[in-house]
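One structure below.
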Amino acid sequence: MSQTTAPTVVTCGADMFADAVAGQAVDVERVDWRPPMPGTEADLAAVATDARRVEANRTAVEAMLGVTAHLVDVAPASEVLGLEKGQFLHAGPPIEWERASGPLRGALMGGAALEGLVDDPEDAVALFESGSTVSLEPCHHRSAVGPMAGVVTPSMWMWVLEDRATGRRTYCSLNEGLGKVLRYGAYNDEVLTRLRWMGDVLGPLLQAAVRGTSEATDVTGILTQMLQMGDEAHNRNRAGTLMLLRDLSPAMVTSAEDGGFAAKDVADVLRFVGGNDHFFLNLAMPACKLALDAGRDVPGSTMVVAMARNGTDFGIQVSGTGDEWFTGPAQVAEGLFLGDFGADDANPDIGDSAITETAGIGGFAMATAPAIVRLVGGSVPDALATTRRMHEITLAENPRWSVPVLEFQGTPTGIDVSKVCRTGILPQINTGMAGAVAGVGQVGAGLVTPPAEIFPKALAALAARVPR
């Protein structure tokens, strides 16, 4: 007597047919297939047949995954980045004052007052309009990253991370906390007073603590642990911040005794860091950049090595195309707003913090931090689905950074330009939202994706580089 197996129907495209079949008690295997992005067919074929691609991507991914970031110093930007008076760094791809968004302008105005270029931040507008004594440059161009507006001035203190195997370093400013802060475009007296305290007390004490520790803090290792503890390392950094505080607190106390810091200074710093759940973000970002920079400049590689936004443009850089930026208009995030703020108050997406998603955490690891949906919106099933979906556009999984609820599967790592163009799936980013008007500060947090057109631009550049 022969046995028969119940049929399974495979469907793709719209769910209407699948739902109708499933309604008749027939097993359905749904395939999430869609045509490639319009106009990319020829470029996809050229890149797919590039004999270098497979090995190039393997090289780029292995280089990225091989990096371990250690915290080796804290120092002013004038020392570690060579910034001089009148030079300003900012988040995202290159931009001029004329096209700068409200929050970027506000941060630059506050930065000018902090550096003593003007007495009143409002007077900085004329300074930047003339452009004769000031200059703007992306943080990425100096091996640095900056959250939100990302403005860095010479006197700001920077975290210094190093890959011990190669000696390469990356940098990021210290986190100010939430609310009315410079990185969200606020520049009132409260903001400037806090920044001056950070320069006079927080930075020097952290420097003494970092230099006074017997063993450099393994930032990559903290990232591994915090992903197991409910952080995704972009908009949730509570566990990471507390682990950093655990590592540095003893050295802070010792440094205070040896270096002449007052007990009140130590207490103020411990209170500030402990009360700022986002403090570790400014270490997660340069750790991700350090890893991704190792995967740069591999001919034939389709791996994205940077995603960054300046509040006007969203830009990406790709391993196989060098330092070229591919840009499109930044989008306004969808999410939750503070107080009476709404979508009309929000500036388009801004900041270098999407380097976390580029490395496979942040929005790509939302499944490991389901509580994040309370900040950025959505639901827990959405968070799980997002991480699963990002595996469809990436080259690998990161064995260091795993997701417990997904059977400890590694986070999706190495965004592949060709896969994005072939599937139409865009990278998912969770982010804070700055007010569109300079001086307002943070107005909410939410979810956003890059403008779709930047990936076909990058794909075309890759196709043009395929040996003929």
Side-chain angles (χ1 to χ4, degrees), residues 36-37 39-65 67 91-94 138-141 143 145 168 170 288-310 313-330 349 352-360 362-364 390 392-396 398 412-429 449-467:
M37 290 182 173
T40 62
E41 294 85 354
D43 291 334
L44 279 170
V47 171
T49 56
D50 184 353
R52 305 169 301 167
R53 179 177 59 88
V54 173
E55 184 58 32
N57 281 336
R58 181 182 297 111
T59 298
V61 168
E62 288 179 354
M64 174 180 62
L65 295 179
V67 170
C139 292
H140 271 286
H141 290 189
S143 300
V145 278
R168 287 186 303 102
T170 52
C288 290
K289 178 167 177 59
L290 191 62
L292 287 158
D293 278 359
R296 283 180 175 268
D297 301 319
V298 181
S301 173
T302 57
M303 188 178 82
V304 177
V305 292
M307 295 195 295
R309 316 86 94 202
N310 55 36
D313 305 316
F314 192 120
I316 62 172
Q317 292 180 313
V318 182
S319 176
T321 55
D323 294 331
E324 184 175 359
W325 287 97
F326 305 97
T327 63
D349 198 21
D352 287 333
S353 56
I355 196 72
T356 56
E357 279 83 6
T358 317
F364 280 44
M390 293 302 98
E392 299 185 41
I393 59 170
T394 48
L395 294 164
N398 190 329
T413 301
I415 301 168
D416 183 347
V417 167
S418 62
K419 289 186 176 183
V420 173
C421 291
R422 182 167 53 79
T423 64
I425 297 172
L426 296 173
Q428 182 69 73
I429 299 163
T449 59
E453 61 263 37
I454 62 180
F455 293 95
K457 289 179 182 179
L459 183 71
L462 288 163
R465 288 170 168 78
V466 176

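- Residues I316 and W325 are not in side-chain contact: their nearest non-hydrogen atoms beyond the backbone lie 4.5 Å or more apart.
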Under the criterion side chain to side chain contact (heavy atoms under 4.5 Å, CB included), I'd like the reasoning laid out for T449 against I429: C-alpha separation, chi angles, the key distance, then a yes or no. CA-CA 6 Å; T449 59; I429 299 163; over 6 Å; no
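- Applying the salt bridge (Lys or Arg N to Asp or Glu O under 4.0 Å) criterion to D323, with sequence neighbours excluded, gives R296.
- Within the 4.5 Å cutoff, side-chain heavy atoms of I454 are placed close to those of F314.
- Contact annotation: the side chain of L462 never approaches that of V466 to less than 4.5 Å [non-hydrogen atoms, C-beta and beyond].
- The main-chain N or O of L290 is found under 3.5 Å from a side-chain atom of R168 such that the two form a donor-acceptor pair.
- Proximity of F326 to V417: side-chain heavy atoms (C-beta onward) are nowhere separated by under 4.5 Å.
- Applying the side chain to side chain donor-acceptor pair (under 3.5 Å) test to residues at least two apart or on different chains, the pairs with a partner in residues 40-50 are D50-R52.
- Here CD1 of I415 is found 11.0 Å from OG1 of T302. Values are rounded to the nearest 0.5 Å.
- In summary, of the residues considered (T394, T413, T356), a side chain to side chain contact (heavy atoms under 4.5 Å, CB included) with F364 occurs for T394 alone.
- Residues R53 and A48 share a closest heavy-atom pair of NH2-O, 3.4 Å.
- Nearest heavy atoms, A354 versus R309: N-NH1, 3.0 Å.
- Proximity of D416 to I393: side-chain heavy atoms (C-beta onward) are nowhere separated by under 4.5 Å.
- A salt bridge links E324 with R465: the distance from a Lys NZ or Arg NE/NH1/NH2 to an Asp or Glu carboxylate oxygen falls below 4.0 Å.
- The minimum heavy-atom distance between S301 and A56, with the atom names listed, is N-CB, 3.5 Å.
- A heavy-atom distance below 4.5 Å is found between the side chains of F455 and P427.
- Side chain of T321 to backbone of Q317: no donor-acceptor contact under 3.5 angstrom is found.
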Could you check H140 against K289 for side chain to side chain contact (heavy atoms under 4.5 Å, CB included), going step by step and ending with a plain yes or no? CA-CA 9 Å; H140 271 286; K289 178 167 177 59; 3.0 Å; yes
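- With rounding to the nearest 0.5 Å, the separation of OG1 in T59 from CE in M303 is 10.0 Å.
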Take I355 and M307 through the test side chain to side chain contact (heavy atoms under 4.5 Å, CB included) and record every step on the way to the result. CA-CA 6 Å; I355 196 72; M307 295 195 295; over 6 Å; no
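- Side-chain contact check for C421 versus P456: some heavy-atom pair is nearer than 4.5 Å.
- Minimum interatomic distance between A294 and V67 (heavy atoms only, all atoms of both residues): CB-CG2, 3.6 Å.
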Chi angles and distances behind the side chain to side chain contact (heavy atoms under 4.5 Å, CB included) call for E357, M390: CA-CA 10 Å; E357 279 83 6; M390 293 302 98; over 6 Å; no
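- Counting all heavy atoms, side chain and backbone alike, L395 lies closest to K419 at CA-NZ, 4.3 Å.
- What you find for L44 and S418 is that their closest heavy atoms are CD2-O, 3.5 Å.
- The closest side-chain donor-acceptor pair between T170 and D293, if any, does not fall under 3.5 angstrom.
- The CE atom of M64 lies 10.0 Å from the OG1 atom of T358; values are rounded to the nearest 0.5 Å.
- D313 places none of its side-chain heavy atoms less than 4.5 Å from the side chain of P329.
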